[in-house]
Amino acid sequence: MAGVLRAERVWVETFTGLRVDQFGRLLRAVRERGGEGSGWGRPWRLPLAERVLLVAVYYRTNLTMRQLAPLFGVSPATVCRVIQRLGPLLALEPTRAYADATDRLWIVDGTLVPVRDRKVGASSRNYRFSANVQVIVDAETRLVVAAARPVPGNTADAKAWRDSGLAEHCEGVTVLGDGAYINTGLIVPHRKRPGRPLLKGEEEDNAQHRKVSARVEHAFSRMKNYKILRDCRQRGDGLHHAVQAVARMHNLALAA
């Protein structure tokens with residue numbers, strides 16, 4: 001059975017949202033992380049470039065494995081094995097320490113991702129069974145700095161942030177959060193008190209805060225062009241690997 005999709009410019013740019021050079025950087029990272037090896041058993045039927053393309057297409061389109069199989073000329077079982085093997089290798093690079101940390105401004109927020117796995121999600125305010133994913137975005141570049149493991153969608157953002165471990169990435173950096181992050185050490189908007197309206201300076205601060213914080217919502221919008229984050233059918237760590245991979249591809253797509 002011959003497949004249709006190949007690691008060629010027309011298919012890469014159409015189905016992944018990445019230019020060929022950006023896809024090449026993703027492929028190189030996967031190869032450096034050991035993606036070329038088959039581990040054990042028979043060698044892979046598809047070359048590494050097409051396996052990486054398969055995973056990227058899966059995250060971008062959220063097609064089922066039965067639908068992806070004829071596009072790449074393999075069986076649904078092979079598609080499943082490729083995603084399970086390479087999905088974690090597409091993950092976002094760990095955050096490194098920045099020399100100019102005090103000059104940086106980051107934004108944190110949570111986004112709800114609909115899931116099918118009842119052990120990962122919970123009934124949430126979006127009226128769906130969802131998981132809460134905490135994400136840090138650089139306010140200037142709009143690149144994703146880090147993303148936490150998903151927690152049930154009914155978890156408050158402040159608790160999800162405290163339990164995420166992301167705070168250790170933010171030493172020396174100014175981090176903005178919305179009103180849900182009160183008492184977390186983040187920069188949050190001024191709150192109205194009963195019988196006391198906001199002062200003029202506080203209103204101006206809040207307006208500027210909203211203007212900057214909107215950038216994290218723009219990042220979420222771009223990330224959810226990868227439809228795996230609109231309805232994730234993966235179980236266990238599948239959503240975590242998908243978020244990390246989408247964050248990396250989002251960063252590559254924004255790169256010059």
Identify, with sequence neighbours excluded, every residue that meets salt bridge (charged side-chain N to carboxylate O under 4.0 Å, His left out) alongside [X].
X	value
R162	none
R60	none
D109	none
R28	none

The criterion is side-chain contact (heavy atoms from CB on, under 4.5 Å); which residues satisfy it with [X], sequence neighbours excluded?
X	answer
S123	none
Q84	C80
E8	R6, W11
A29	R248

Please tabulate, one pair per line, all N/O donor-acceptor pairs under 3.5 Å involving side-chain atoms of residues 141-149, not counting sequence neighbours.
unit_1	atom_1	unit_2	atom_2	d
T141	OG1	L143	N	3.3
R149	NH1	D237	OD1	3.0

Hey, could you give me each pair passing side-chain hydrogen bond (donor to acceptor under 3.5 Å, both in side chains) that has a residue in residues 215-226? Not counting sequence neighbours.
-> T111-K224
Residue pairs meeting side-chain hydrogen bond (donor to acceptor under 3.5 Å, both in side chains), one or both in residues 50-59, sequence neighbours left out, come to Y58-Q234
Cut-off 3.5 Å, no hydrogens considered: what does the side-chain donor-acceptor table look like for residues 182-192, sequence neighbours left out?
unit_1	atom_1	unit_2	atom_2	d
T184	OG1	Y181	O	2.4
H190	NE2	D205	OD2	3.2

